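Report on the following structure.
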Number of protein chains: 2
Amino acid sequence: MNDSDEGAGQAAPSRRKDARRNQKTLLDAAAAVFVTSGVDAPVRDIAAKAGVGLGTIYRHFPTRADLIIGVYRHQVDACADAGPALLATSPSPHSALGQWINLFVDFLVTKHGLAAVLQADNTGFEALHAYFLDRLLPVCTEMLEAAAVAGEIRPDTDAYQLMRGVGNLCIGAESDPRYDARRMAELLVAGLRRPHH
Amino acid sequence: MNDSDEGAGQAAPSRRKDARRNQKTLLDAAAAVFVTSGVDAPVRDIAAKAGVGLGTIYRHFPTRADLIIGVYRHQVDACADAGPALLATSPSPHSALGQWINLFVDFLVTKHGLAAVLQADNTGFEALHAYFLDRLLPVCTEMLEAAAVAGEIRPDTDAYQLMRGVGNLCIGAESDPRYDARRMAELLVAGLRRPHH
DNA sequence: GCAAAAGCGGAACCGCGTTCCGTATCGTTT
DNA sequence: AAACGATACGGAACGCGGTTCCGCTTTTGC
């Protein structure tokens with residue numbers, strides 16, 4: 001899949017020195033451009049910001065998804081790690097789930113255009129979708145199960161659908177002042193509560 | 001806004017006869033192409049299907065939103081009309097709301113790519129967004145108020161946010177077999193139930 | 001039938017993603 | 001240090017799709 005690093009792996013001990021430097025430069029440039037122009041920013045803009053040619057960016061990050069993953073991997077991992085922590089410190093699994101979803105929503109709405117590109121059907125972004133699922137689905141599943149065991153929610157809830165639904169709720173949220181994705185996500189989480197305990 | 005008709009108005013009594021015919025031809029062609037290729041289908045495809053030039057399509061429908069509105073106006077109107085009817089026949093306002101949302105979701109998920117293009121921030125689709133809001137928001141507001149008066153839901157629920165949330169939930173639903181937008185929408189509606197006192 | 005008005009077609013232009021290859025740089029070997 | 005293969009770089013060039021623009025055709029009013 002990935003010959004050297006980009007995508008899912010980050011250790012790049014081999015390779016030529018300039019190549020490694022360029023990779024880092026590109027990630028920094030991409031992060032900066034993503035903030036100002038969103039994750040859909042023209043590839044040329046990122047290349048220009050990094051001061052490299054187009055060939056270079058495509059060699060290091062064959063798809064835009066690779067670039068996005070590279071830029072946000074740490075934050076996604078942090079979100080994943082927060083799950084078990086919340087489960088341990090929260091008064092109830094359902095409350096932990098709510099807080100965790102809040103974290104996820106906050107992450108998504110502050111990355112312009114990221115939520116829109118996260119859905120599975122978006123051609124060329126399968127890797128991105130897969131990475132998010134890979135990291136977050138187990139956590140979500142764990143929390144849902146804990147809540148189900150505690151009898152707080154219906155036991156038939158599917159973690160994938162919940163993640164997908166929450167991700168969808170975040171689409172375009174950053175550019176619509178009348179819309180509050182966090183509130184909608186809370187409603188969704190509230191909706192899976194058991195009718196009465 | 002619209003010199004003649006496209007967009008929100010449909011009566012086109014004046015104009016040249018061939019122009020009126022082309023407009024109809026274009027709507028039919030667009031409807032057909034939307035079914036097979038989604039609402040993002042290349043303009044050229046629609047022009048080809050209709051057997052007209054590019055200039056013609058842009059003259060009749062300056063933006064893609066105009067075309068989409070033209071194609072789906074009747075169905076949107078039907079959905080709007082269904083609201084009061086459901087309110088009258090359903091056992092409770094909340095139940096009517098749930099059924100109405102189901103109608104809306106079914107409409108959206110069967111129109112490939114429509115939900116994705118419905119959100120406000122999508123440049124060039126303001127007219128589409130506005131039309132949907134124009135027709136459906138009053139209905140949604142009415143149903144929410146009825147449910148609030150009946151004490152079934154919290155009284156502070158915003159119709160715009162609900163519509164936007166439901167619309168978002170439908171994005172990409174048609175191409176992801178693991179995802180059931182209707183179920184998520186039901187969860188959302190369930191979530192605004194009053195926490196029984 | 002004729003001229004102005006209205007409408008039509010599609011070439012052309014632009015932005016953007018993506019590919020490809022001649023050139024430059026690196027690092028290793030002698 | 002010189003030389004040479006491997007590795008990486010830059011950017012021209014191509015394809016696709018949206019949008020504009022203008023010379024030509026059809027319609028309509030007289």
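All values below come from the heavy atoms of this structure, side chains included, with hydrogens, waters and symmetry mates left out. In what follows, every chain begins at residue 1, and chains take the letters A, B, ... in the order their sequences are listed. Owing to the predicted nature of the structure, the values given are computational and were not obtained by experimental measurement.
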Protein-nucleotide distance (Tyr58(A), atom OH; dT18(C), atom C1'), rounded to Å: 5 Å
Interface with DNA chain C, restricted to residues 33-56 of chain B and to heavy atoms under 4.0 Å: Arg44(B), Gly51(B), Val52(B), Gly53(B), Leu54(B), Gly55(B), Thr56(B)
Residue among Val109(B), Ile101(B), Asp106(B) satisfying side chain to side chain contact (heavy atoms under 4.5 Å, CB included) with Arg182(B): Asp106(B)
Short N-O contact, Asp18(B) and Arg16(B), less than 4.0 angstrom: yes
Nearest-angstrom distance from the residue atom CG of Asp18(A) to P of dG27(C): 7 Å
His60(B) vs dG7(C): side-chain N/O to OP1/OP2 distance below 4.0 Å: no
Distance in angstrom units between Ile57(A) CD1 and dA8(D) P, rounded: 16 Å
d(CZ, Phe61(A); C1', dG17(C)) in whole Å: 17 Å
Length of the line joining Leu26(B):CG and dG7(C):C1', which is rounded to integer Å: 13 Å
Any Arg59(A) side-chain N or O less than 4.0 Å from OP1/OP2 of dC9(D): yes
Interatomic distance where CZ belongs to Arg21(B) and P belongs to dG7(C) [whole Å]: 13 Å
Distance below 4.0 Å between Arg15(B) side-chain N/O and dA6(C) OP1 or OP2: no
Heavy-atom donor-acceptor pair, Tyr160(A) side chain to Leu133(A) backbone, under 3.5 Å: no
Donor-acceptor under 3.5 Å (Asp121(B) side chain, Gly172(A) main chain): no
Nearest-angstrom distance from the residue atom CZ of Arg16(B) to C1' of dA6(C): 4 Å
Phosphate-side-chain proximity, Asn22(A) and dA8(D), N/O vs OP1/OP2 below 4.0 Å: no
Donor-acceptor contact below 3.5 Å, side chain Glu174(B) vs main chain Gly113(B): yes
Test item: Thr56(B) side-chain N/O and Val52(B) main-chain N/O as donor-acceptor pair under 3.5 Å: no
Residue pair Pro42(B) / Asp45(B), side-chain heavy-atom distance below 4.5 Å: yes
